[in-house]
Amino acid sequence: EESPRLYTREEVRSHSSPETGIWVTLGSEVFDVTEFVDLHPGGPSKLMLAAGGPLEPFWALYAVHNQSHVREILAQYKIGELSPDDKAASILKTSDPYADDPIRHPALKVNSQRPFNAEPPPELLTENYITPNPIFFTRNHLPVPNLDPDTYRLHVVGPPGGQSLCLSLDDLYQFPKHEITVTLQCAGNRRSEMTRFKEVRGLEWSAGAISTARWAGARLCDVLAQAGHQLSETEAHVCFEGLDSDPTGTAYGASIPLARAMDPEAEVLLAYEMNGQPLPRDHGFPVRVVVPGVVGARHVKWLGKVSVEPEESYSHWQRRDYKGFSPCVDWDTVDFDSAPSIQELPVQSAITQPKDGETIESGEVTVKGYAWSGGGRAVVRVDVSLDGGLTWQVAELDGEEQHARKAWAWRLWQLQAPVPAGKKELNIVCKAVDDSYNVQPDTVAPIWNLRGVLSNAWHRVHVHVAP
Ligand code: HEM
Ligand code: MTE
Ligand code: MO
C-alpha cells in the first residue's frame, strides 16, 4: 500500500477559491471537493464557508452530516493526509494581552482580531431562530478575562443601612432561575452602510451584529431586593462593572435606569446560562447582564460589580460613546453630554438571503431576513419590495410569537415571490413595522451620525437574474 500524500494546514488554507480548487479537512484527512461544491445539497455558499479549513466546526452545527452516506460522498474526494502540525506557528508572544483569548468558530466574519469582534455570515444568521453559541456575534472592547468559577464573586453594593452582598456562583443559583429568549444587537449593527454614505469612526459591522439566545439566570430585581434596594431613589441608575480591563486597570462599565432594573416585568437577568450551557468565555463567563429590549452595550459581560448610583455610570462607554447625534455634528463640534445614552433601540430589519451582488435564478425568488424592535415592542409586519420600494409585498413572519410589550426576541421572516418577467436585476428592499407603528427610514442620509450607530434604514440588496 502506498503511503498517503501529506499536506500542511497552510497548503490546505491556500485552496479556498474556484481558481485554486476547494480543499477541506476532516480529522487528519484532506479532501479536494472542488467538483462537489455545486452539487452540495445545502448549497455552494454554505460549503464555501469551510473552504481551506476543517469541516468539524460546521458539521457540529448541522447534524445532518453525521450519516454514513455523507461520509461516503466525502471519501470519494480524499487526496491525502495532514502532515504533523508545525508547532512553532502556534506559539504566541506571552506579552500579548490577547494571548489567552478563546478559540473562535471559523465561520465568524472577523472585523477586528484584538479585541475580538466578529459576526456570523448572513447564510448562517437566520438558519436558526436561536443562534448557536459558537456563531453568536461577539463584541469585545478588551481582552477576554479568564475567570475561575470557584473563586468568582459578584459584589452587589447595598443601600445605606442595607447590606452589601458578595455572591458566589452557588449563591446566585439559589435565586429563582428565570429563562427567556432575548435578541442582542450592537448599536453599531449595519454601520458599514453608513460608512458607504459618509465616513464614520467604528468597526465595519455588516448586518450580523445581532443574535438571539435563551438566557437563564437570576433576576436582577431579586438580587437587588436581597441587598435591600427599593424603588425610592429618584433618577437613580444601576451601574455594572466588568472584570475585563485595559492596561490602566479601567474596567468596562455601563448602566441602566433603576426603574427598569427593579421592574420584574422588564426581566433583567444576571445570566449564567446561554442556550442551556454555561456562558461561553466570549459571552461573559461566568455571569453577564441581559437587559431585554436594550442596546448590547448595557449587557455587561464578566460581571464583577453592581451598584445603585444617583448618576449614570461614568464609564467611557456610557458617557463618551453609544449616543446618537444629528448628521450635522462632527468630531470638532460633538458634545457627548448633550445626548442621552442609547438604551432601547429603534425598529430594525435586514435581508440575509439572497446576498448583495448574487445572481439568482429566474422563476421564483425566496427572500429571508430578521426583524426586531427595542423596548419589548413587537414586530407586526415586514414589507418587501423587489423594485427598490415602488411596490411592496408582505412577508410571512416565522419564529416565536412574542408577548405584547415584552417582545424581547426577533422574528425571522420570508417571502417567496415570482421574479417579474424580463427583469435582468432586482433591487430588493425590506422594512419592518413595530406595534407602536414605528417604521424604518428609507435612506441613511437623514440618520447618518459620526459614530455610525442606530443604522436602521431600509435594507437593500441588489441581485442579478440569470438569463
Ligand atoms: C446537507 C454533504 C459541507 C451545511 C448536506 C447533505 C450532504 C452534505 C450529502 C444532504 C444530507 C441529507 O439530507 O441526508 C456535505 C459535504 C460537505 C458539506 C460532503 C463538505 C465537503 C457543509 C458545510 C455546511 C453545510 C461547510 C455549513 C456551513 C449543510 C446544510 C444541509 C446540508 C445546512 C441541509 C440542507 C437542507 O436542509 O436541505 N451536506 N456538506 N455543509 N449541508 Fe452539507
Ligand atoms: N461587557 C464587557 N465587560 N466588555 C465588553 O467589551 N461589550 C458590550 C456588551 N458587554 C462588552 C460588554 C457590547 S458593546 C455589546 S454589543 C455586547 O456586550 C455584545 O455581547 P456579545 O459579545 O455576547 O454578543
Ligand atoms: Mo455594542
Side-chain angles (χ1 to χ4, degrees), residues 100-102 115-116 131 133-134 136-158 163-184 211-227 229 237-245 251-256 258 260-262 264 266-309 313 315 317-318 408:
D100 196 29
D101 267 21
F116 189 75
T131 316
N133 288 352
F136 198 99
F137 89 95
T138 301
R139 205 296 176 234
N140 296 340
H141 293 84
L142 299 162
V144 177
N146 201 344
L147 303 174
D148 177 353
D150 295 328
T151 56
Y152 170 79
R153 294 293 181 273
L154 173 62
H155 297 277
V156 183
V157 180
Q163 55 161 343
S164 288
L165 308 176
C166 178
L167 303 172
S168 67
L169 270 181
D170 276 334
D171 295 333
L172 213 50
Y173 298 152
Q174 303 311 310
F175 290 89
K177 184 175 175 179
H178 198 75
E179 185 165 24
I180 42 173
T181 308
V182 176
T183 295
L184 226 107
S211 298
T212 299
R214 293 226 14 107
W215 305 94
R219 281 195 307 197
L220 176 61
C221 60
D222 294 341
V223 174
L224 288 176
Q226 176 146 332
H229 287 290
H237 302 267
V238 178
C239 298
F240 307 115
E241 253 180 54
L243 293 166
D244 50 337
S245 57
Y252 185 86
S255 61
I256 61 170
L258 178 66
R260 182 180 290 278
M262 295 296 278
E267 302 185 274
V268 181
L269 294 188
L270 304 180
Y272 45 74
E273 270 178 28
M274 178 176 182
N275 296 329
Q277 301 290 317
L279 298 182
R281 280 186 61 206
D282 262 331
H283 301 292
F285 180 82
V287 177
R288 83 175 302 169
V289 187
V290 170
V291 197
V294 163
V295 66
R298 315 301 166 217
H299 300 228
V300 175
K301 304 191 273 192
W302 312 292
L303 186 64
K305 185 178 164 194
V306 177
S307 60
V308 179
E309 311 280 353
S313 164
S315 160
W317 295 280
Q318 187 76 19
W408 308 134

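Every heavy atom of this structure was used, including side-chain atoms; hydrogens, water molecules and symmetry mates were not. Position 1 is the first residue of the sequence, and the numbers go up from there. Because the structure is a prediction, the values reported are computed rather than measured.
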Participant: Is the side chain of Asn140 donor-acceptor paired with the backbone N or O of Leu142 at a distance under 3.5 Å, no angle test?
Facilitator: no
Participant: At what distance, to the nearest 0.5 angstrom, does OH of Tyr152 lie from CG of Leu147?
Facilitator: 8.0 Å
Participant: In Å and rounded to the nearest 0.5 Å, what is the NE2 to CG distance from His155 to Leu303?
Facilitator: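 Here the rounded value is 10.5 Å.
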Participant: Would you indicate whether the side-chain heavy atoms of Leu258 and His237 approach each other to under 4.5 Å?
Facilitator: no
Participant: For residues Ala254 and Gln318, report the shortest heavy-atom separation together with the two atoms involved.
Facilitator: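 For Ala254 versus Gln318, the nearest heavy atoms are CA-OE1, 3.3 Å.
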Participant: Taking side chain as C-beta onward, heavy atoms only, is Val291 less than 4.5 Å from Val289?
Facilitator: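 A side-chain contact under 4.5 Å exists here.
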Participant: Has Asn275 got a side-chain atom pairing as donor or acceptor with Thr131's backbone, closer than 3.5 angstrom?
Facilitator: yes
Participant: Do Val223 and Val306 make a side-chain contact, defined as non-hydrogen atoms from C-beta onward lying under 4.5 Å apart?
Facilitator: no
Participant: Taking all non-hydrogen atoms of both residues into account, name the closest pair between Ala251 and Gly242 and its distance.
Facilitator: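 So the two residues come closest at CB-O, 3.3 Å.
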Participant: Given side chains that start at C-beta, do those of Leu224 and Val308 come closer than 4.5 Å, heavy atoms only?
Facilitator: yes
Participant: Please give me the minimum heavy-atom distance between Pro292 and Trp408, naming the atom from each residue.
Facilitator: CB-CD2, 3.1 Å
Participant: Looking only at heavy atoms, which two atoms of Val238 and Ala261 are closest? And how far apart?
Facilitator: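 The pair with the smallest heavy-atom distance is CG2-CB, 3.6 Å.
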Participant: List in chain and number order the residues that pass ring pair (Phe, Tyr, Trp, His ring centres under 6.0 Å) with His299, two or more places apart in sequence or in another chain; answer none if no residue qualifies.
Facilitator: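 Here no residue qualifies.
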Participant: Report yes if some heavy atom in the side chain of Leu184 is under 4.5 Å from a heavy atom in the side chain of Ser211; otherwise report no.
Facilitator: no
Participant: Would you please name every residue forming a ring pair (Phe, Tyr, Trp, His ring centres under 6.0 Å) with His141, sequence neighbours left out?
Facilitator: Tyr252, Trp317
Participant: Would you compute the distance between atom CG of Leu243 and atom CG of Asn146 and round it to the nearest 0.5 angstrom?
Facilitator: 12.0 Å
Participant: For residues 270-289, which residue pairs qualify under ring-ring contact (aromatic ring centres under 6.0 Å, His included), counting only residues two or more places apart or in two chains?
Facilitator: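 Every pair satisfying ring-ring contact (aromatic ring centres under 6.0 Å, His included) with a residue in residues 270-289: Phe136-His283, Tyr173-Tyr272.
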Participant: Where do Asp170 and Gln174 come nearest, in terms of heavy atoms and distance?
Facilitator: O-NE2, 3.0 Å
Participant: List for me each residue that meets side chain to side chain contact (heavy atoms under 4.5 Å, CB included) alongside Ala266, sequence neighbours excluded, and say none if there are none.
Facilitator: Arg260, Asp263, Val268
Participant: As an exercise, state the distance from CZ of Arg219 to CD1 of Ile180, rounded to the nearest 0.5 Å.
Facilitator: 9.5 Å
Participant: Show every salt bridge (charged side-chain N to carboxylate O under 4.0 Å, His left out) that has at least one partner inside residues 282-305, sequence neighbours left out.
Facilitator: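 Residue pairs with at least one partner in residues 282-305: Arg104-Asp282.
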Participant: I'd like to know if the side chain of Asp244 reaches the main chain of Pro143, judged simply by a donor and an acceptor atom lying under 3.5 Å from each other, with no hydrogens or angles considered.
Facilitator: no
Participant: With a 3.5 Å distance limit and no angle check, can you tell me whether Asn133 reaches the backbone of Met274 through a side-chain donor-acceptor pair?
Facilitator: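 Side chain of Asn133 to backbone of Met274, a donor-acceptor pair under 3.5 Å: yes, one is there.
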Participant: Do Val290 and His178 make a side-chain contact, defined as non-hydrogen atoms from C-beta onward lying under 4.5 Å apart?
Facilitator: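 The answer is no, as the side chains (C-beta and beyond) never meet within the 4.5 Å cut-off.
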Participant: What closest approach, in Å, do Phe175 and Asp222 show between heavy atoms, and which atom pair accounts for it?
Facilitator: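 What the structure gives for the nearest pair is CE2-O, 3.7 Å.
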Participant: Going through the checks in order, is the side chain to side chain contact (heavy atoms under 4.5 Å, CB included) test met by Val300 and Glu241?
Facilitator: CA-CA 7 Å; Val300 175; Glu241 253 180 54; over 6 Å; no
Participant: Does any pair with a residue in residues 174-183 pass salt bridge (charged side-chain N to carboxylate O under 4.0 Å, His left out), and if so which ones, sequence neighbours excluded?
Facilitator: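 Passing the test, one end in residues 174-183: Lys177-Glu273, Glu179-Arg214.
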Participant: To the nearest 0.5 Å, tell me how far Leu167 CG sits from Leu270 CG.
Facilitator: 8.5 Å
Participant: What's the spacing between Cys239 SG and Glu309 CD if we round to 0.5 Å?
Facilitator: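 The distance works out to 4.5 Å.
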Participant: Between His229 (side chain) and Ser307 (backbone), is there a donor-acceptor pair under 3.5 Å?
Facilitator: no
Participant: Between Ser313 and Ser255, do the side chains contain an N or O donor and an N or O acceptor separated by less than 3.5 Å?
Facilitator: no
